[in-house]
Asks: 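Can you read through this structure? Questions will come right after.
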Amino acid sequence: MSMKTYFFLPPVRQAAGGITVLRRLAAFLAAAGREAFIVPRETQGQGPGWSPSESFVEAPIKPWDQLALAPGDLWVVPEGWVNALTPGLNAGARCLVYVQNWAYLLSSLPDGVSWRKLPVEFLAVSDPVARFVAATTGREAAILRPGIDTGLFRAPEKKPLVADGGKVRIAYMPRKNKALAKQIRETYTALDEGLAARTQWVEISGMTAKEVAEALQSAHLFLATGFPEGFSLPPLEAMACGCLPVGYMGFGGADYMRQALRQSPSEGADPAPFAPWWPLREVPWGGNGLWSADADILGAALHLKTAAEWFVDGSPHLAPILENGRATAAAHTLDAQRESVLDLWQRFDPA
């Protein structure tokens, strides 16, 4: 009998990216003929975010009170919910912790509990997260990257014109470090009030996936204020929609984010291009954004000013960066995610 896979869904009100990724994994497996189920701890939420796309087909739901794991089953739990491992551990099932954000891997552990002593395996959402898992648990983690719906998140035929007095539109998500986003906006305005007057801010909040895509398609820039991050989907979605992202990597975003700035620091110029201290994996695309160190408010504001000026001036710097962004997004489609999931599960259960 082939292995059954159960995905634990935490009790959350909003379907953030991590919940959607888990649901997609289960859906991919179920559509491929594998026995895969989602197990919500509570009744699923409603409203924006719970429908990733109009074509999304949910995997079968197994109610929590009907869950009965067996030794041959695979019990998948996100990293921030250690207590949810209990049904799998008690049943002797194979327990897989999917680490989608390195920041919660250790903070969620009860006192006196160590990952090194628990009979679990790890799955990481990105190369940086896999490095964090190996360093803190002593165990290797297979990497399973998320994908984006490029049928939904795609560049429009034309962006709003900026030349001849048009405004530069900057999209951002206030739920990602809202206070820092506010400080970056304030700093950006103080740097050049004339440029700020030609700027329009596009707040992305409480929207459906379709509405998020439409907002990104209307924008020229995307301000990424999220950290810590395991992978960081919003900047990737922004790239797919033809935006130039500016901001933070959140550590995990360095899986695909590559620095587009090349200039050396000088008096009054932008800060030196930020580069992660850890080795980056080889990728076929080049610089796809203007990246700053996490929490660097002035650096992010200066980079935002530079990028906005490029759009106002019609700078030749834009085209290659935007093209690299499109190439990055094209490498992270739902089809690519599906293939990765099915390949990985084939290794888990060849039967």
Asks: Heavy-atom count around Phe348 CZ within 6.0 Å, excluding the residue itself: above 12?
Replies: yes
Asks: List the residues meeting side chain to side chain contact (heavy atoms under 4.5 Å, CB included) with Glu339, not counting sequence neighbours, and say none if there are none.
Replies: none
Asks: Looking at side-chain heavy atoms only, is the closest gap between Leu280 and Pro128 below 4.5 Å?
Replies: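 Leu280 vs Pro128: side chains apart.
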Asks: Do Leu144 and Val341 make a side-chain contact, defined as non-hydrogen atoms from C-beta onward lying under 4.5 Å apart?
Replies: yes
Asks: For residues 229-247, which side-chain donor-acceptor pairs fall under 3.5 Å, sequence neighbours excluded?
Replies:
residue: Glu229; atom: OE2; partner: Lys176; partner atom: NZ; Å: 2.9

Asks: With Asp343, which residues qualify under side chain to side chain donor-acceptor pair (under 3.5 Å), at least two apart?
Replies: Arg347
Asks: Check Ala26 against Ile38 and note the closest heavy-atom contact, atom names and distance.
Replies: CB-CG2, 3.5 Å
Asks: Return the set of residues passing ring-ring contact (aromatic ring centres under 6.0 Å, His included) with Phe37 (not counting sequence neighbours), or none when no residue passes.
Replies: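 For Phe37, the residues satisfying ring-ring contact (aromatic ring centres under 6.0 Å, His included) (neighbours in sequence not counted) are Tyr6.
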Asks: Quick check for you: to the nearest 0.5 Å, what is the distance between Arg169 atom CZ and Arg198 atom CZ?
Replies: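 Reported to 0.5 Å precision, the distance equals 14.5 Å.
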Asks: Under 6.0 Å between ring centres, would you say that holds for Tyr256 and Trp285?
Replies: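 No: the rings miss the under 6.0 Å criterion.
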Asks: Looking only at heavy atoms, what is the nearest atom pair of Val113 and Leu109, with distance?
Replies: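 So the two residues come closest at O-CD1, 3.6 Å.
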Asks: ring-ring contact (aromatic ring centres under 6.0 Å, His included) with Tyr98: which residues, sequence neighbours excluded?
Replies: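 Partners of Tyr98 under the ring-ring contact (aromatic ring centres under 6.0 Å, His included) test: none.
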Asks: So, the side chain of Thr199 versus the backbone of Leu195: is there a donor-acceptor pair under 3.5 Å, distance only?
Replies: yes
Asks: Please confirm whether the backbone N or O of Pro228 pairs with a side-chain atom of Tyr248, one donor and one acceptor, at under 3.5 Å?
Replies: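 Absent.
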Asks: Kindly write out the residues that satisfy side chain to side chain donor-acceptor pair (under 3.5 Å) with Lys305, not counting sequence neighbours, or none if the list is empty.
Replies: Glu309
Asks: If you count every heavy atom of other residues, nucleotides or ligands that lies below 6.0 Å from Asp65 atom CG, does the total exceed 12?
Replies: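 More than 12 heavy atoms, drawn from other residues, nucleotides or ligands, come within 6.0 Å of this atom.
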Asks: Is there a side chain to side chain contact (heavy atoms under 4.5 Å, CB included) between Thr150 and Leu152? Walk through the geometry before answering.
Replies: CA-CA 5 Å; Thr150 49; Leu152 186 64; over 6 Å; no
Asks: Report yes or no: do Asn288 and Thr328 form a side-chain donor-acceptor pair below 3.5 Å?
Replies: yes
Asks: Just list the side-chain donor-acceptor pairs under 3.5 Å for residues 69-81, sequence neighbours left out, or say none.
Replies:
residue: Asp73; atom: OD2; partner: Ala70; partner atom: N; Å: 2.7
residue: Trp75; atom: NE1; partner: Ala84; partner atom: O; Å: 2.8
residue: Glu79; atom: OE1; partner: Gln100; partner atom: N; Å: 2.9

Asks: Hydrophobic clusters here meaning ILVMFWY residues chained together by side-chain heavy-atom distances under 4.5 Å, can you tell me if Val202 and Leu290 are in one?
Replies: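 Not linked; separate clusters.
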Asks: Could you pull out the closest heavy-atom pair between Ala141 and Ala130, with the gap in Å?
Replies: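 So the two residues come closest at O-CB, 4.1 Å.
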Asks: Can you confirm whether or not the ring centre of Phe251 sits under 6.0 Å from the ring centre of Trp102?
Replies: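 Centroid distance Phe251-Trp102: below 6.0 Å, so yes.
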Asks: Starting at CE of Met3, measure out to CG of Leu29 and round the result to the nearest 0.5 Å.
Replies: 8.0 Å
Asks: On a heavy-atom basis, which atom in Arg41 and which in Pro11 lie closest, and how many Å separate them?
Replies: CB-CD, 3.8 Å
Asks: Heavy-atom count around Glu140 CD within 6.0 Å, excluding the residue itself: above 12?
Replies: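 Atom CD in Glu140 is not crowded, with 12 or fewer foreign heavy atoms closer than 6.0 Å.
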Asks: Going from CG on Leu304 to CG on Leu191, what distance comes out if it is rounded to the nearest 0.5 angstrom?
Replies: 9.5 Å
Asks: Mind checking what makes salt bridge (Lys or Arg N to Asp or Glu O under 4.0 Å) contact with Glu203, not counting sequence neighbours?
Replies: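 Partners of Glu203 under the salt bridge (Lys or Arg N to Asp or Glu O under 4.0 Å) test: none.
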Asks: With no hydrogens and no angle check, is any side-chain donor or acceptor of Lys159 less than 3.5 Å from a backbone partner on Ala219?
Replies: yes
Asks: Using side chain to side chain donor-acceptor pair (under 3.5 Å) as the criterion, list what pairs up with Asp335, not counting sequence neighbours.
Replies: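 Per chain and number, Asp335 pairs via side chain to side chain donor-acceptor pair (under 3.5 Å) with Arg338.
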Asks: Who passes ring-ring contact (aromatic ring centres under 6.0 Å, His included) against Phe222, sequence neighbours left out?
Replies: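 Once residues adjacent in sequence are excluded, Phe222 has no partner under the ring-ring contact (aromatic ring centres under 6.0 Å, His included) criterion.
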Asks: Sorted by first residue and then second, give each salt bridge (Lys or Arg N to Asp or Glu O under 4.0 Å) pair with at least one member in residues 86-109; sequence neighbours left out.
Replies: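 Every pair satisfying salt bridge (Lys or Arg N to Asp or Glu O under 4.0 Å) with a residue in residues 86-109: Arg94-Glu121.
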Asks: About how many Å separate CZ of Arg185 and CG of Leu180, when rounded to the nearest 0.5 Å?
Replies: 14.0 Å
Asks: Looking at every non-hydrogen atom in both residues, tell me the closest pair between Ser292 and His303 and how far apart they are.
Replies: OG-CD2, 3.0 Å
Asks: If you measure from OG1 on Thr306 to CG on Leu261, what distance do you get to the nearest 0.5 Å?
Replies: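 Separation between the atoms: 7.0 Å.
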Asks: Looking only at atom types and distance, does a side-chain atom of Gln337 sit under 3.5 Å from a main-chain N or O of Pro146, one as donor and one as acceptor?
Replies: no
Asks: How many angstroms lie between CH2 in Trp115 and OG1 in Thr136, if you round to the nearest 0.5 Å?
Replies: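 One finds 10.0 Å between CH2 of Trp115 and OG1 of Thr136.
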Asks: State, to 0.1 Å, how close Pro276 and Ala254 come at their nearest heavy-atom pair, and which atoms those are.
Replies: CG-CB, 4.2 Å
Asks: Residues in side chain to side chain donor-acceptor pair (under 3.5 Å) with Arg145, at least two apart?
Replies: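 Arg145 satisfies side chain to side chain donor-acceptor pair (under 3.5 Å) with Asp255 only.
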Asks: Is it true that Thr5 and Trp345 share a donor-acceptor pair across their side chains at a distance under 3.5 Å?
Replies: yes
